[in-house]
Amino acid sequence: MPGITIDDHAIEARDGETILSAARRHGFEVPTLCHMEGLPPTGACRLCVVEVEGMSGLVPSCSHPVAEGMKIRSRSPRVLEARRTVVQLLLADHPDDCLYCHRSSNCELRSLSAELGVDQRLYRGPRSTGEKDVSSPSLQRDPDKCILCGRCVRVCEEVQGVAAIDFIKRGSATMIGTAFDRGLNVSSCVNCGQCVLACPTGALTERFQVDEVLAAIADPERFVVVQHAPAVSVTLAEEFGVKPGTDVDGRMVAALRRVGFDRVFDTSFAADLTILEEGSELVHRIRNGGVLPMFTSCSPGWIKFVETFYPEFIPNLSTCKSPQQMLGALIKTFFAEQQGLDPAKIVSVSIMPCTAKKFEAGRGELGRGGLPDVDYALTTRELGALLRRCGIKLAAIEPDAADTPFGGRTTAGKLFGASGGVMEAAIRSVHFLLTGRELGKPRIQALRGTKPRKELSLEVGGLKLGVAVVSGLASARAVLEEIRAGRADLHFVEVMSCPGGCVGGGGQPIGLNHEAVQARIKALYNIDRDETVNVSHANTEVQRLYGEYLGRPLGRRSHELLHTHYERRDVLR
Amino acid sequence: MTDNNRQVLVVDDDPDCRDQVAIIIQGAGYEVISAASQAEAEELLLRHQPRLAVLDLMMEEMDSGFVLCHTIKKLYPELPVILLTGVTAATGMSFKSQDPRGRRWIEADIMLDKPVRIEELRGAMARLLKD
């Protein structure tokens, strides 16, 4: 292990690690804008420069490996001045709209300006005048706020395997753009929103719909219903400065009521319903020579990914709608009938950890008579904004329970928020469907955690099952390529577009924060550990729904309301 | 207006956009009459009563599409209007027909930002025409 000194402190570095890595591990905070944990360095932003004795120029610490005896200065006057100059140059053409920029409270450029003592705009270049791209139903881009750090490009290509955006043009005209610079809406973007999490400034955001939701609530003619996804309750508190992994389910339900929603439902109920439909579909496919492996269909980024890049695998996708859309369909049919409401007067809102859910809600095939099943899909961040706008203090509210008939959930439905959760819940219920008995050990450790790929072979009720769980679309692409090349031992594959699953979704609090994702997952596992009803088929509200309305899984009504189809997608790429 | 009226008015000063929109609408089984400006559209509306209007916003004037919406709703209050616009890209200003401020004065039933996807425009048409 090489011994080095940083600012005269002797430390032991690890073989092959970078100066940045060694420095940060020992408490020397070195600023960066382009560095991304877990990806190879690019050395593009030059903010992380340090002085190394014996070297004439400043060295980018993110890409320079340590060596025995290296003497490093991480905060010499020369280093600090160089960093300040980098930020001052970035500010030269940056807009002055911090007062109303959506990222003003968590903008990395703004923080760095403060940290590095930038107190004036020293250089004044002509303002960037790129065209805003607001064409996508999920995401919007403002190139004027882009500092060309490249993090969005890297996450899109290297983590998600999509490459919808890249550097285009040259020199001072360089910008981030889509193919032919024609807008995200007609590009290969799958709307996952990982670029939003990666963006240090306000150049990338979701398409905001808080105003529309508040307008609907204020309209006495409208009956406004909200559902919240499994990952949201273990994340929302972070929007209010509470540590990651804190579950605020009951408080969130009470807060949504205070906002003025007429009913508050839990998407985890529909996750339980999904398990019964999807589990039955899997068994049906295996027993009847259907197309295998079957892929899960809850993640709308993944669905668009298959439609765009691998249309030959469309028959492998489960025909089940996502839980958001299943619940949306039931709200405007079963619930509307039960309550004597005109479906056209119901406004169905969802709170999702996801930006692709906005796109999904607008898919034409998911609705009836021109009416969408879900009218507005807000992100976890937008829910934070909504509560702040309404002056609702989450910490001061007494918890409350969600409404019937779609408020009851099991812990299996809640696990949908974590990568591997759908698979674990499905195995528990498929075992019951096939044997009539509960699985002895319901918690399947091999499928848990944030690893991008997890695989398992098991026997369930006499059926041999090869299962895989992947999160992050680049990992999904690798599995698809293996299957394309002839791999035939898999029967069921769970794919979540975002690393770690929905808890790491593009609609979650800003930042690619692996520790936060792990804490949120742990909170979901704790719920599964602490509560008693942990299999979807034991959800009494789901049982009642089948008894009173749907009949049976894969039945006529289920087919009509809970299943869908997909189509090959032509995009500019 | 008769039930079998399949005529859709398309107004856009950009011939590429106009043609693309026309092709999408024709592909959905409708007949297209088109105009390249607010003035041309107003003249067409004296002779035709289409079932749907799909309008660009910025044409001979920055607000031509908004004005045309008002004219249409005055002449034919039941005629649904879709406004297709690149106004935010061009000016940075954002307009929404569905938020409380927009609802007060934007007469379009649906506003979509350019470029639109084929299924997105067809979905908007389906919502308004209920065919």
Side-chain angles (χ1 to χ4, degrees), chain A residues 95 97 127-137 139-145 178-187 189 191 207-219 304 307 344 347 359 361-372 375-376 567-572, chain B residues 8 14 16-17 20-21 23-25 27-30 51-52 56-58 62 80-106 108-131:
Chain A
D97 63 0
R127 288 278 176 277
S128 303
T129 50
E131 291 189 348
K132 282 191 179 68
D133 179 5
V134 295
S135 60
S136 158
L139 306 168
Q140 39 189 42
R141 294 171 55 244
D142 182 352
D144 292 1
K145 293 180 186 172
T178 54
F180 309 104
D181 198 20
R182 287 287 292 145
L184 284 171
N185 200 25
V186 291
S187 76
C189 169
N191 307 299
R207 182 91 188 233
F208 298 101
Q209 292 180 306
V210 170
D211 287 342
E212 287 88 332
V213 170
L214 283 171
I217 289 170
D219 185 343
K304 189 170 181 237
E307 289 177 322
V347 176
F359 174 86
R363 288 179 72 116
E365 70 277 15
L366 300 174
R368 249 156 302 284
L371 283 179
D375 296 277
Y376 303 112
E567 270 168 33
R568 181 195 188 94
R569 210 168 266 280
D570 288 320
V571 298
L572 289 175
Chain B
V8 176
D14 179 333
D16 288 343
C17 285
Q20 277 174 18
V21 169
I23 289 166
I24 295 171
I25 293 171
Y30 294 88
R51 178 116 176 266
L52 170 75
D56 181 26
L57 172 51
M58 294 189 294
M62 289 282 280
V81 177
I82 298 174
L83 204 52
L84 299 182
T85 177
V87 67
T88 308
T91 67
M93 287 187 287
S94 169
F95 300 97
K96 291 176 180 175
S97 60
Q98 290 306 305
D99 78 7
R101 277 158 294 185
R103 263 196 216 168
R104 276 183 227 132
W105 65 276
I106 299 174
D109 297 277
I110 292 177
M111 270 184 91
L112 296 174
D113 289 287
K114 288 181 180 175
V116 286
R117 283 169 285 115
I118 295 171
E119 78 276 11
E120 195 180 14
L121 180 55
R122 287 198 180 147
M125 290 171 63
R127 279 179 83 164
L128 296 175
L129 296 175
K130 298 187 173 68
D131 279 343

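A note on names: the letters A, B, ... follow the listed sequences, proteins ahead of strands, and every chain is numbered from 1. Values reported hereafter were calculated over all heavy atoms of this structure, with side chains retained and with hydrogens, waters and symmetry mates removed. What you see is a predicted model; the values in this text were computed from it and never measured.
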About how many Å separate CD of Glu119(B) and CD of Glu365(A), when rounded to the nearest 0.5 Å?
8.0 Å

Write down the atom of Ser135(A), the atom of Glu120(B), and the distance for their closest heavy-atom approach.
O-OE2, 4.4 Å

Which pair of non-hydrogen atoms, one from Arg182(A) and one from Pro115(B), has the smallest distance, and what is that distance?
O-CG, 2.8 Å

For the interface with chain B, which of Arg207(A), Gln209(A), Arg363(A), Glu567(A) has the highest count of heavy-atom pairs at distances below 4.5 Å?
Arg207(A)

Contacting moiety of Arg368(A), where chain B heavy atoms sit under 4.5 Å:
neither

Give, as side chain, backbone, both or neither, the part of Asn185(A) having an atom under 4.5 angstrom from any heavy atom of chain B.
both

Rounded to the nearest 0.5 Å, how far apart are OG of Ser136(A) and CZ of Arg117(B)?
7.5 Å

Can you list everything that forms a ring-ring contact (aromatic ring centres under 6.0 Å, His included) with Phe208(A)? Sequence neighbours excluded, please.
His102(A)

Counting only heavy atoms closer than 4.5 Å, note whether Arg141(A) contacts chain B via side chain, backbone, both or neither.
neither

With side chain to side chain donor-acceptor pair (under 3.5 Å) as the rule and sequence neighbours excluded, what pairs involving residues 80-94 of chain B come up?
none

Tell me, for Pro143(A) versus chain B, whether the close heavy atoms (under 4.5 Å) come from the side chain, the backbone, both or neither.
neither

